[in-house]
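Just so it is clear, the model here is predicted, and its values are computed rather than measured.
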Amino acid sequence: MANLSSSRQKAIMRKYARNLKFLMMVVSIGLIVWTLPKQAKFRYEIQKGRIWTQADLVSPYNFAILKTPQEIDNDRKTVLASITPVYQLDTTIAGRQLDNFKSDLEVKWHTAGMNDRLKAAYVTAGYNLLQHIYYTGLLKLDPKYQQYSTNYPITILDKNVETDKNTADLFTKEKALAYCNQVLSGRKDIDKSFLLDLVLNRLQNNLTYDDALTSRLEKEAVENLSLTRGMVQKDETLVSKGSVVNDEVYQKLISYKKAFEDSSRVNGDRRLVLLGQTLLVSIAITLLMVFLYLFRRDIYDDNRLVSLILLVVTAMLGTLSLAIKLQVPANLYYIPYCIVPIIIRILFDTRLALNIHLLVVLIAGFFVPNSFEFAYFEITAGMVSIYSIKNLIRREQFLISAVIITASYFVAFLGISFIREGSFVNINWMDFLPFVVSVLLTLLAYPLIYIFEKVFAITSDITLIELTNTNAPLLREMAFTAPGTFQHSLQVANLAENAIYSIGGNALLVRAGALYHDIGKLENPLFFIENQSSGFNPHDKLPYEESAQIIIRHVSKGVEMAEKANLPEVVIDFIRTHHGDTRVDYFYQSFLKNFPERLINENIFRYPGPIPFSKEAGVLMLADSVEAASRSLKEPDEKSISDLVDRIVKYKLDQEQLKDSDITLKEIETIKTIFKRMLMSIYHVRINY
């Protein structure tokens, strides 16, 4: 009954896991579709300079031809040039300053003690000068216009009455002073410096630049600019099959696309658009799940990992969709698309990263302008990003990868620009800036990977790199406390890493597992022969059963120490499995030899297991046994090493220790060859050719 209950519980858990997986898929599809712009998709790809390979395209309705950005910019400059700066005339200033001039002259005249008979001449001369200046107009040139020329047309407003003038015909304070100096230079009866000082004090601009009104007029003129030129009539042929999409045809096609999108927003059935988007996104997400089911069943069965993958895909497509909707940023190439394949590659593997990247770009291609160019840019860059970090062994590979991605973007940019423009001179190099920004943003993958590792309990290659640093606390302690075990672990790591690299597997993972697989020996290092240097063996005074238990306990103790040090579970699995459920044969056979009459439970001499359940763990088991046994060779030579490797591998196979590790017989032969070659190199054995 207990077994039935347990089976039923497992069935219920599997059912709920499947339901949760389906729910995550539905939520992911819903979020992606919700963010997508709800409008019909223009069916044609428009590329300037290409041959139109489709059927003749005939306009189904009348529409206006849009101006090119260059034409709009030229029109804008023209219309802004036609708007003259506006100056407001203050008519009260002239009268006030003339009255003040007379008062100033009266005061200074008496103070200076000058002859009253001459005063009338001074008053008349100064009055006439100021009156002429204010009548002509006195202003200060605005720096915005003065940078081009000191003579430019302006509009003067006098109580809303416009008068067009040129600054050449008006006075500035400098020109007014020069004018007064010239006029007074011919008067011998007047003290020029005395009168100039009075006149200069009464020069105040009666024309004031009205920046707000001028800016408003410029804004209105720009807003009233026509963005179109001419019309395309219904049933007019836009482009014929086999003809070249030149500038004129390209502009018509762009205008047709805009007219189509405007029409679809008004007249299109949003429900059908929504249904179409749901179908497309559903196919892509379903294909992803099918891929996981067929090729990465370990990920498919783990809803935690599935949720991480769906989160990354949904976040990227959601970001792209919102950017399209909000038009922020205006250039969609600023978005770091390569961040998805890099994250998936580091956390999982190359095949999954490439599969997901292709699906993301395929979905995005339906909603971005120039889908073919977009797909080419992003698929090639994504592939380059995956290939450039195929074997991540150093952190700086992120920077190297960023440089390589930038180079691939640049080559693709050049190629597409040559096709589009047909000229090197006409390439707008600023168009490459978004790609550079995208690559820089791709470096955010590094902190994101760290966050995903912590939240979803995943071990990435970056973490494994940190763990394999021999300055890590546990490894440093092993080097001091159990130096023989430390050297043994290093040799096992080299053997296992080379073997797994040759047959295919995670070399970083097997190296980390090899370095930590014997950390349990730190509890009693002298009970292990590689740490015994004085000739004293503590096992000589212990019963065989107790000695076997001490040896076996290094596995459970190692697991305990690894968990305390927060080592990843995938590394702890190497500690559990590196001896599988084999016997400690030395003490078992010694017991049988010395106590043939006694009955003994064989499990006392057997490791608890489990046996290796991955290719990496299986290789580590073989490397550990081979390296340890090779130390017992008195005179290692090619034959003895070869026989040793063959014997140990055969023993593990006979004991069925590798049946769950997914290692083929062909791979076994490759592993044996590598072990033999490396051991002969370690022991300096001359190979007979």
Using the rule side-chain contact (heavy atoms from CB on, under 4.5 Å), only one of [options] pairs with [X]; which is it?
X	options	value
Ile668	Ile503, Leu658, Val619	Leu658
Val312	Val360, Leu347, Ile356, Val340	Val340
Asp461	Asn506, Ile449, Ile389	Asn506

Taking [X] for the side chain and [Y] for the main chain, is one N or O donor matched with an acceptor at less than 3.5 Å?
X	Y	value
Ser632	Ala628	no
Thr35	Ile32	yes
Gln657	Asp581	yes
Ser681	Arg677	no

Could [X] and [Y] be called an ion pair, given the rule that one side-chain N must be under 4.0 Å from one carboxylate O?
X	Y	result
Glu669	Lys666	no
Arg631	Glu627	yes
Arg296	Asp298	yes

Exercise. With Phe377, which of Phe432, Tyr333, Phe410 fulfils ring-ring contact (aromatic ring centres under 6.0 Å, His included)?
Worked result: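 Among Phe432, Tyr333, Phe410, the one meeting ring-ring contact (aromatic ring centres under 6.0 Å, His included) with Phe377 is Tyr333.
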
Without hydrogens or angle criteria, can the side chains of [X] and [Y] be said to hold a donor-acceptor pair below 3.5 Å?
X	Y	value
Glu453	Thr463	yes
Gln549	Tyr544	no
His488	Asp624	yes
Thr380	Ser408	no

Provide the closest heavy-atom pair for [X] versus [Y] in the form atom of the first, atom of the second, distance.
X	Y	result
Met383	Leu354	CG-CD1, 3.7 Å
Leu467	Ala472	O-CB, 4.1 Å
Leu508	Thr468	O-CG2, 4.3 Å
Ser642	Lys676	OG-NZ, 3.2 Å
Arg511	Ala493	NH1-CB, 3.7 Å
Leu522	Leu474	CD1-O, 4.4 Å

Exercise. Yes or no on side-chain contact (heavy atoms from CB on, under 4.5 Å) for Arg304 and Ile458, after CA distance, side-chain angles and deciding distance?
Worked result: CA-CA 10 Å; Arg304 172 177 51 90; Ile458 300 174; 3.9 Å; yes

Which of parallel (below 30°), tilted (30 to 60°) and perpendicular (above 60°) describes [X] and [Y]?
X	Y	value
His554	Tyr607	perpendicular
His539	Phe527	perpendicular
His578	His517	perpendicular

[atom1] of [X]: more than 12 outside heavy atoms within 6.0 angstrom?
X	atom1	answer
Tyr376	OH	no
Asp662	CG	no
Leu440	CG	yes
Leu294	CG	yes

Exercise. For the rings on Phe291 and Phe295, is their centre-to-centre separation under 6.0 Å?
Worked result: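 Phe291 vs Phe295: aromatic centres under 6.0 Å.
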
Exercise. For Ile285 and Leu310, what are the C-alpha separation, side-chain angles and deciding distance, and is it a side-chain contact (heavy atoms from CB on, under 4.5 Å)?
Worked result: CA-CA 8 Å; Ile285 298 299; Leu310 291 177; 4.1 Å; yes

Exercise. Salt bridge (Lys or Arg N to Asp or Glu O under 4.0 Å) with Glu546: which residues, sequence neighbours excluded?
Worked result: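 Counting only residues at least two positions away or on another chain, Glu546 forms no salt bridge (Lys or Arg N to Asp or Glu O under 4.0 Å).
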
For this session: Could you pull out all residues at least two apart from Tyr293 that satisfy side chain to side chain contact (heavy atoms under 4.5 Å, CB included)?
Result: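 In terms of side chain to side chain contact (heavy atoms under 4.5 Å, CB included), with neighbours along the sequence ignored, Tyr293 is linked to Arg297, Tyr300.
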
Problem set entry | From CA spacing to verdict: side-chain contact (heavy atoms from CB on, under 4.5 Å), Phe480, Phe486 | CA-CA 9 Å; Phe480 285 103; Phe486 180 70; over 6 Å; no

Exercise. Can you check side-chain contact (heavy atoms from CB on, under 4.5 Å) on Leu399 and Leu443, steps first, answer last?
Worked result: CA-CA 8 Å; Leu399 293 176; Leu443 295 177; 4.2 Å; yes

